[in-house]
Amino acid sequence: MSMYNLRCAAEENCLASSAYRADVRDYDHRVLLRFPQRVKNQGTSDFLPSRPRYSWEWHSCHQHYHSMDEFSHYDLLDASTQRRVAEGHKASFCLEDTSCDYGYHRRFACTAHTQGLSPGCYDTYNADIDCQWIDITDVKPGNYILKVSVNPSYLVPESDYSNNVVRCEIRYTGHHAYASGCTISPY
């Protein structure tokens, strides 16, 4: 994707550090590892933003409030050494109940200016949403682990943090990425 189309993402620091060099131009391209994310509240209490409403940040480029600085953190790890080769993050675009299990009901919706995640409900980020990626422009082809961590700094109290990390095997050819073996991980 061209830097021109990544202006809003650049404002939110969603690109690799090499994208911020002085010699980078609007027509330069970045390679993005895009993926969807679906988060379920499996607890018994609401998952609420880490900051009170009055301190939510308005992002004029994206035209929405962020209620958390980092809802999720993404690491791309070398499969053999576990060394981080790239990273990304997702501020809460809008923390809401996009769907719920049978018997549970949606209570939080951005259109109602409420943010949160009810028990038994899911918040879904599609792969085409800004910053729902890792910038892999500087990553060589090879085998990697994609590590997705929700509530990575533990700013929102939970009864169980052991289900907040998912790891997937990634094979990157230089042109395509293939994911497999995604599992919940305790770390």
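Not measured: the values here are computed from a predicted model. All values below come from the heavy atoms of this structure, side chains included, with hydrogens, waters and symmetry mates left out.
- Distance CZ/Arg7 to OG/Ser2: 9.0 Å, rounded to 0.5 Å.
- By the 4.5 Å heavy-atom criterion applied to side chains, Gln115 and Arg53 are not counted as neighbours.
- Side-chain contact between Phe47 and Asp123 is absent, with no heavy atoms from C-beta onward closer than 4.5 Å.
- Smallest separation of non-hydrogen atoms from Ala16 and Asp138: CB-OD2, 4.2 Å.
- Within the structure, no pair that satisfies the ring pair (Phe, Tyr, Trp, His ring centres under 6.0 Å) test touches residues 7-26, not counting sequence neighbours.
- Transitive grouping of hydrophobic side chains (ILVMFWY, heavy atoms separated by less than 4.5 Å) brings Tyr172 and Leu33 into a common cluster.
- Gln82 is listed as a side-chain neighbour of Ile145, based on a closest heavy-atom distance under 4.5 Å.
- Note that the OH atom of Tyr74 and the CZ atom of Phe35 stand 5.0 Å from one another [nearest 0.5 Å].
- His29 contributes a side-chain N or O that, together with a main-chain N or O of Tyr27, makes up a donor-acceptor pair within less than 3.5 Å.
- Taking 4.5 Å as the limit, some side-chain heavy atom of Met3 sits within range of a side-chain heavy atom of Leu15.
- Judged purely by atom type and a 3.5 angstrom limit, Thr124 has no side-chain atom pairing as donor or acceptor with the backbone of Arg38.
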- request: Could you please spell out the steps behind the side chain to side chain contact (heavy atoms under 4.5 Å, CB included) verdict for Thr98 and Tyr125?
  value: CA-CA 9 Å; Thr98 54; Tyr125 290 104; over 6 Å; no
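- Formation of a donor-acceptor pair under 3.5 Å by the Asp97 side chain with backbone atoms of Arg107 is found in this model.
- When all heavy atoms of Asp46 and Pro119 are compared, the closest pair comes out as OD1-CD, 3.3 Å.
- Val150 has its side chain within reach of Gln37: a pair of non-hydrogen atoms, C-beta onward, lies under 4.5 Å apart.
- In summary, the side chains of Arg30 and Ser18 do present a donor paired with an acceptor at a separation below 3.5 Å, with no hydrogens or angles considered.
- For the pair Lys40/Asp101, a side-chain contact is recorded, criterion being any heavy-atom separation below 4.5 Å from C-beta on.
- Around the OH atom of Tyr154, the shell of radius 6.0 Å holds no more than 12 heavy atoms that belong to other residues, nucleotides or ligands.
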Residue pair Arg167, Leu77: steps toward the side chain to side chain contact (heavy atoms under 4.5 Å, CB included) verdict: CA-CA 10 Å; Arg167 290 171 164 259; Leu77 309 172; 3.8 Å; yes
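- Scanning both residues, Asn41 and Ser118, for their nearest heavy atoms gives CB-O, 3.3 Å.
- To the nearest 0.5 Å, the span separating CZ on Phe108 from SG on Cys100 amounts to 10.5 Å.
- Taking hydrophobic clusters as Ile, Leu, Val, Met, Phe, Trp and Tyr residues chained together by side-chain heavy-atom distances below 4.5 Å, Phe71 does not share a cluster with Val166.
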Derivation of the side chain to side chain contact (heavy atoms under 4.5 Å, CB included) call for His89 and Ser72: CA-CA 6 Å; His89 73 276; Ser72 296; over 6 Å; no
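- Pairs engaging residues 133-187 under the disulfide bond (SG atoms under 2.5 Å apart) rule: Cys168-Cys182 [sequence neighbours left out].
- Cluster membership check: Ile170 shares its hydrophobic cluster with Ile136, using side-chain heavy-atom separations under 4.5 Å among Ile, Leu, Val, Met, Phe, Trp and Tyr.
- The environment of Tyr104 atom OH is sparse: at most 12 non-hydrogen atoms of other residues, nucleotides or ligands sit within 6.0 angstrom.
- Val139 is not listed as a side-chain neighbour of Ile134, based on a closest heavy-atom distance of 4.5 Å or more.
- Counting all heavy atoms, side chain and backbone alike, Ser162 lies closest to Ile184 at O-CG2, 4.0 Å.
- The heavy-atom pair separating Asp130 from Cys8 by the smallest distance is OD2-CB, 3.7 Å.
- Residues Ser185 and Val165 have side chains in contact (heavy-atom distance under 4.5 Å, counting atoms from C-beta outward).
- Between the Arg34 side chain and the Ala127 main chain, a donor and an acceptor come within less than 3.5 Å of each other.
- Scanning all heavy atoms of the two residues, the minimum distance from Asn151 to Leu155 falls at OD1-N, 3.1 Å.
- Val24 and Leu32 fall within a single hydrophobic cluster, where Ile, Leu, Val, Met, Phe, Trp and Tyr side chains are chained together by heavy-atom contacts under 4.5 Å.
- Atom NE2 of residue His73 and atom OG of residue Ser153 lie 9.0 Å apart, to the nearest 0.5 angstrom.
- A donor-acceptor contact shorter than 3.5 Å links the side chain of Asp135 to the backbone of Thr137.
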